[in-house]
Protein chains: 2
Amino acid sequence: MASKTPHALFPLIRKLESVTRLSASERHAIESLPVRVRTLSARQDIVRDGDLATQCCLILEGWAYRYKLLTEGRRQIFSFHIAGDIPDLQSLHIPLMDHNLATMTQATVAFIPHESMHALTARYPTIAAVLWRDTLIDAAIFRAWLIAMGRRPAFEHLVHLFCELYLKQEAVGLAGDHRCPLPITQNDLADATGMTSVHINRVLKEMRGRGLITLHRHTLVVKTWDELIRACEFDETYLHLQKRAVG
Amino acid sequence: MASKTPHALFPLIRKLESVTRLSASERHAIESLPVRVRTLSARQDIVRDGDLATQCCLILEGWAYRYKLLTEGRRQIFSFHIAGDIPDLQSLHIPLMDHNLATMTQATVAFIPHESMHALTARYPTIAAVLWRDTLIDAAIFRAWLIAMGRRPAFEHLVHLFCELYLKQEAVGLAGDHRCPLPITQNDLADATGMTSVHINRVLKEMRGRGLITLHRHTLVVKTWDELIRACEFDETYLHLQKRAVG
DNA sequence: CGCTAATTTGACCTGGATCAACTACGGTGG
DNA sequence: CCACCGTAGTTGATCCAGGTCAAATTAGCG
């Protein structure tokens, strides 16, 4: 491994190997996937609601998010994505998009044709299983968001989201020392939580006031992790994070 | 086909064939799955939050639902399931349950060991793909629920849910003529939509008043489908229903 | 018939929305 | 270096959708 130059799909391989051990041929098959790497500017749609997707998008760097627009300017954000994620993996089996995928920040992404993914998963059931699993975790996160929307008050809801985003980043080495990037606006937080940006602002003020967190210049600083966990009954099980199998 | 006695897994085969054509050996492999058929009474847990699942549960008759409990008696319902659904298919790749699955009504279910499912999907990528697709639609429905929770007022939200439940049942022949079973209480509707049962009751009254629907004795009667659709900007794309490939 | 769970209604309350400024700040161009 | 501008964040005042509490009323069901 150390002798090879890092492959563009390394983030994907790392993710798969955190769940299962890949054989040499499996690893080789992945590395042979045809990829098109692109750098996109912030706030740019990657696939749109209504599109027929023909490729998947692996995030190599930066943030992306998924959302849907309703009438009267309403917007619902479904998820935030970081390096290693394939936010539109679901399009592999449901090509007709029912929502949008866009960059949040400037981002580097790798596009992989569905065709190649289908060939890969048909030949290597293990790889198919791990990718499938990934989409299931995606769904588990949706369920967590449903709980937050339906049964948590605003304060708890937002704390819960922060815990999730911190842990997701920590798992891939993007967060640490109680601090992580959070390159999203209060308006985005509002559309992710079903609130208004005004109320997000007030809840953040309250969180600062209680000495739980700080959110400044797109950086989240967690003051007291334990209290944060307690403030929202956070149970990380649903994220199904592995203990860093591969460095 | 007509010469065979109906197999217990026929609802599953029908679902798979509505998406793809199965070869004789694929069909045979499914019919050879070891199943344990049971009839359960209403409101009985099938798998619990925290359990390590070892089998999947195919619903043959009746309703099931998934939910999670929080402190102070809060409950969030994630989904309702009918014949043909495998509500815990996700446990195949994430055995550690992060929520509960229970019957809503008395129900007949078929249990299939994970082991057999793994063997089946490893051998038949096509079957794996269709089952994977099914879990992706599950996720698509979660997204629709997120929108409803986050960005729809109560009335619209509930109308949307009714449209979804009607169409899901219609697709498998359980609804028709603007009428379908809805064997759930107003309290369940409340926990599914993030409201209180009092408010559900008032919204239902309003819906009756506007002549949109009737909900009585666990039967939903749609008075004017078009208005219902319009009242909640319903777009059925996310359900990815097939045009009845197999009868 | 009687018991329990489910539905319905009324009175009142509140978390978060709405509306409307105002402030801070990172560019950008002169 | 500063003036300008657009985006994002902050704050106050007021409002209302939906929650809470409590008490009937009705439906199932053994």
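Reminder, nothing fancy here: chain letters follow the sequence lines and each chain counts from 1.
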Novice: Distance check needed: D:dG19 C1' versus B:Asp191 CG, whole Å only.
Specialist: 14 Å
Novice: Rounding to an integer number of Å, can you tell me how far B:Arg43 CZ sits from C:dA5 P?
Specialist: 12 Å
Novice: Send over the distance from B:Met149 CE to C:dG16 P, rounded to a whole Å.
Specialist: 14 Å
Novice: Rounded off to whole Å, could you give me the CZ-to-P distance for the B:Arg152 and D:dG18 pair?
Specialist: 13 Å
Novice: B:His199 has an atom NE2; how far is it from atom P of D:dC21, in whole Å?
Specialist: 16 Å
Novice: Is A:Lys68 salt-bridged to A:Asp98, cutoff N-O under 4.0 Å?
Specialist: no
Novice: Tell me whether A:Asp85 is salt-bridged to A:Lys168, with the criterion being a basic N under 4.0 Å from an acidic carboxylate O.
Specialist: yes
Novice: Flag this pair as yes if the NZ/CZ of A:Arg143 is under 6.0 angstrom from the six-membered ring centre of B:Tyr67 and inside a 45 degree cone about the axis; otherwise no.
Specialist: no
Novice: Would you mind reading off the distance between B:Gln106 atom CD and D:dG28 atom P, rounded to a whole angstrom?
Specialist: 18 Å
Novice: Considering only side-chain heavy atoms of A:Val198, which listed nucleotide, C:dC19, D:dC21, C:dT7, is closest?
Specialist: C:dC19
Novice: Could you check whether B:Asp191 pairs with B:Arg74 (Lys NZ or Arg NE/NH1/NH2 to Asp/Glu carboxylate O, under 4.0 Å)?
Specialist: no
Novice: Over how many whole Å does the gap from B:Asp188 atom CG to C:dA6 atom P extend?
Specialist: 8 Å
Novice: Output the rounded distance in Å from CD1 (B:Ile200) to C1' (D:dT20).
Specialist: 16 Å
Novice: What nucleotide among D:dG19, D:dG18, D:dT10 has an atom nearest to a side-chain atom of B:Thr196?
Specialist: D:dG19
Novice: Is any side-chain N of the basic residue among A:Asp51 and A:Arg48 closer than 4.0 Å to the acidic one's carboxylate O?
Specialist: no
Novice: Residues of residues 201-220 of chain B with any non-hydrogen atom less than 4.0 angstrom from an atom of DNA chain D: list those, numerically ordered, please.
Specialist: B:Arg202, B:Arg217
Novice: Here's a test for you: under side chain to side chain contact (heavy atoms under 4.5 Å, CB included), which of B:Val109, B:Leu58, B:Asp138 qualifies with B:Ile86?
Specialist: B:Leu58
